[in-house]
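Before any comments, here is the structure.
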2 protein chains.
Amino acid sequence: MQALAATAPTAHQSAGELAILDAAVRLFSVHGYDGVSMRRIAEEAGVSKANIYHHFASKQALYFAIMRRSAEELTALLENLAEGKGSFEQRLQVFASAHLDHLFDNQARVRLVLREAFSGDEEKSRAVVEQMVGGLVNRLIAIFEAGQRAGLLRDDLDPGLCAHLLMGADLFYFQAHGLLQQIPEAGFARQPDRYSKQMIDVLLHGMLAQPAEGRVK
Amino acid sequence: MQALAATAPTAHQSAGELAILDAAVRLFSVHGYDGVSMRRIAEEAGVSKANIYHHFASKQALYFAIMRRSAEELTALLENLAEGKGSFEQRLQVFASAHLDHLFDNQARVRLVLREAFSGDEEKSRAVVEQMVGGLVNRLIAIFEAGQRAGLLRDDLDPGLCAHLLMGADLFYFQAHGLLQQIPEAGFARQPDRYSKQMIDVLLHGMLAQPAEGRVK
DNA sequence: AATAAAACTGACCGTACGGTCGGTCAGTTA
DNA sequence: TAACTGACCGACCGTACGGTCAGTTTTATT
């Protein structure tokens with residue numbers, strides 16, 4: 001399969017088309033592209049299979065439409081994520097917390113994009129970077145670089161690696177959330193807020209040149 | 001689909017059967033269960049499709065056999081991972097580094113298991129925890145708990161959360177490796193050793209009660 | 001050399017797949 | 001009211017799917 005491509009803006013959509021998109025997002029995010037049939041989508045959307053082909057040229061075209069829409073939505077949400085005010089520490093704290101909320105509030109689309117991003121297909125990874133996370137990552141790196149220039153971040157750390165650790169801590173928690181439920185010792189799996197606080201506390205404590213004293217209670 | 005079940009020990013295997021298993025591991029790890037046909041597996045293995053059914057009762061049975069074998073292999077490798085000697089810090093450093101090496105040395109099987117673990121299916125997650133990562137996670141948590149009792153680990157941190165952050169840092173790096181190649185600023189994507197060192201340095205620095213002075217050069 | 005078990009194959013089966021087609025129908029527009 | 005359009009459907013097409021089976025070749029044992 002090809003990677004998703006940038007396409008024309010969204011036109012107005014009929015109720016049926018919206019139902020199709022909604023069902024397809026849900027199904028693709030859980031079962032993947034090959035695990036979902038057009039019949040199943042039509043059934044879940046309450047329309048005929050032929051109707052899907054009236055709105056979308058092919059199964060791939062439907063999938064691309066969903067990826068494009070997801071990319072737009074997630075990009076819009078991510079847009080303001082790195083623009084927080086306040087101190088270096090506060091900005092990172094707010095980012096981590098908001099990022100985690102954002103992931104859980106958009107589970108289906110996030111799963112869809114993660115699947116594409118981590119598929120191992122170079123073309124897909126590039127598309128995800130260019131159209132979605134690239135800008136966010138660069139801005140987050142810029143924050144760390146600025147912090148490093150200001151002497152707030154340890155000067156022996158790679159800012160890109162710091163950004164990776166911060167985003168990764170959120171993303172991995174999101175991914176592993178279901179699995180953590182199966183581990184009795186992982187009580188933090190049921191408290192995303194508490195996780196975010198302790199996680200960012202550990203990272204900042206480990207990254208900052210002069211770690212803050214305010215610790216988690 | 002059901003979760004993988006514990007089954008009988010491995011018998012001796014013909015060359016054909018090994019070729020089938022090898023091809024199936026490669027294909028399933030890249031394209032997922034639904035993305036691989038029995039014809040394709042037979043083709044890549046250089047045998048007839050019917051021959052697969054001589055060795056395995058069904059596609060699911062083949063998949064389960066692979067998952068069981070992967071679970072055995074990975075468990076064996078993971079077995080000694082948390083048994084290092086030396087100080088608290090040294091043990092964690094060695095663990096993180098060996099864990100990362102282990103992931104990259106067993107890419108296909110790890111991808112296979114991660115797909116199952118993060119599928120969102122409760123039954124699959126439980127199987128992965130019970131048969132594979134459960135023991136390792138508990139031992140890693142025990143290390144952190146011991147470190148906390150000894151006053152080496154900050155007393156305001158959840159040992160389970162610390163274990164999660166450590167394993168997650170490795171696993172997420174492994175997952176995102178392909179994507180990181182698309183980000184010019186992520187030079188650390190090409191230096192797993194350097195990543196492991198800085199990563200563990202940040203985490204230990206953030207977790208330890210009295211952080212070590214020996215930093216990455 | 002005889003033989004039985006295991007490994008292996010080509011041809012085939014029923015089904016579900018992605019996709020197409022002719023056509024119905026409600027709602028503009030002229 | 002006639003022409004036209006977009007939304008929608010049932011029936012159908014060729015293909016690839018998972019799986020079966022009768023029969024052949026290979027291998028190990030006696």
Side-chain angles (χ1 to χ4, degrees), chain A residues 1-5 7-69 112 115, chain B residues 1-5 7-69 112 115:
Chain A
M1 184 178 332
Q2 314 156 21
L4 59 104
T7 40
T10 314
H12 68 287
Q13 292 157 318
S14 72
E17 186 174 351
L18 288 174
I20 292 167
L21 285 168
D22 183 67
V25 166
R26 244 184 315 114
L27 291 170
F28 281 137
S29 74
V30 175
H31 302 103
Y33 182 84
D34 293 309
V36 178
S37 72
M38 295 299 263
R39 282 165 178 79
R40 180 81 194 280
I41 295 171
E43 202 177 301
E44 296 262 328
V47 300
S48 71
K49 183 162 65 77
N51 190 14
I52 301 182
Y53 285 92
H54 172 68
H55 292 291
F56 304 95
S58 66
K59 187 182 181 183
Q60 274 209 18
L62 170 59
Y63 187 72
F64 287 171
I66 285 172
M67 288 305 299
R68 180 173 55 81
R69 194 194 177 87
L112 219 43
R115 203 189 290 272
Chain B
M1 188 184 320
Q2 313 157 21
L4 59 105
T7 41
T10 313
H12 68 288
Q13 292 157 320
S14 71
E17 185 173 353
L18 288 174
I20 292 166
L21 285 168
D22 184 67
V25 165
R26 245 184 315 114
L27 291 170
F28 281 138
S29 74
V30 174
H31 301 103
Y33 183 84
D34 293 309
V36 178
S37 72
M38 294 299 262
R39 281 167 179 79
R40 180 82 194 281
I41 295 171
E43 201 177 303
E44 296 262 327
V47 301
S48 70
K49 182 162 65 76
N51 190 14
I52 302 181
Y53 285 93
H54 171 68
H55 292 291
F56 304 94
S58 66
K59 187 182 181 184
Q60 273 209 18
L62 170 60
Y63 187 72
F64 288 170
I66 286 172
M67 289 304 298
R68 179 173 58 81
R69 194 193 177 88
L112 219 43
R115 204 189 291 271

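No experiment lies behind these values; they were computed from the predicted model shown. To find a chain, count down the sequence lines: A is the first, B the second, and so on, and within it residues start at 1.
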message: Do A:Tyr33 and A:Arg115 make a side-chain contact, defined as non-hydrogen atoms from C-beta onward lying under 4.5 Å apart?
response: no
statement: Sorted by chain and residue number, the side-chain contact (heavy atoms from CB on, under 4.5 Å) partners of A:Phe56 (sequence neighbours excluded) come out as A:Glu17, A:Ile20, A:Leu21, A:Ile52, A:Leu62, A:Ala65
- prompt: So do the side chains of A:His55 and A:Ser14 get within less than 4.5 Å of each other, counting heavy atoms only?
  reply: yes
field: Separation of atom NE2 in A:His55 from atom P in C:dG19, rounded to whole Å
entry: 16 Å
statement: Residues in residues 43-54 of chain A with a heavy atom under 4.0 Å of DNA chain C, by number, are A:Lys49, A:Ala50, A:Tyr53
side-chain hydrogen bond (donor to acceptor under 3.5 Å, both in side chains) partners of B:Arg26, counting only residues at least two apart: B:Glu44
query: On DNA chain C, nearest-nucleotide positions of A:Ala57 versus A:Arg40: which is more 5'?
result: A:Arg40
- line: Residue set satisfying side-chain contact (heavy atoms from CB on, under 4.5 Å) with A:Ala50, at least two apart, ordered chain then number -> A:Ser48
- request: To the nearest 0.5 Å, tell me how far B:Leu27 CG sits from B:Ile66 CD1.
  value: 9.0 Å
- prompt: Are OP1 or OP2 of C:dC8 and a side-chain N or O of B:Ser14 less than 4.0 angstrom apart?
  reply: yes
message: Applying salt bridge (charged side-chain N to carboxylate O under 4.0 Å, His left out) as the test, list every pair that has at least one member in residues 46-56 of chain B; sequence neighbours left out.
response: none
Short side-chain to backbone donor-acceptor contact, A:Lys59 and A:Val36, under 3.5 Å: yes
message: With the threshold set at under 4.0 Å for non-hydrogen atoms, list the residues of residues 17-25 of chain A touching DNA chain C in residue-number order.
response: none
- prompt: Between atom CZ of B:Phe28 and atom CE of B:Met67, what is the distance when rounded to the nearest 0.5 Å?
  reply: 11.0 Å
- line: When rounded to whole Å, the CD to P distance for the pair B:Gln13 and C:dA6 reads 15 Å
field: Range on DNA chain D touched by chain A - first to last nucleotide, heavy-atom distance under 4.0 Å
entry: D:dG6 to D:dG10
- prompt: B:Ala61: what forms a side-chain contact (heavy atoms from CB on, under 4.5 Å) with it, not counting sequence neighbours?
  reply: B:Ala57, B:Ser58
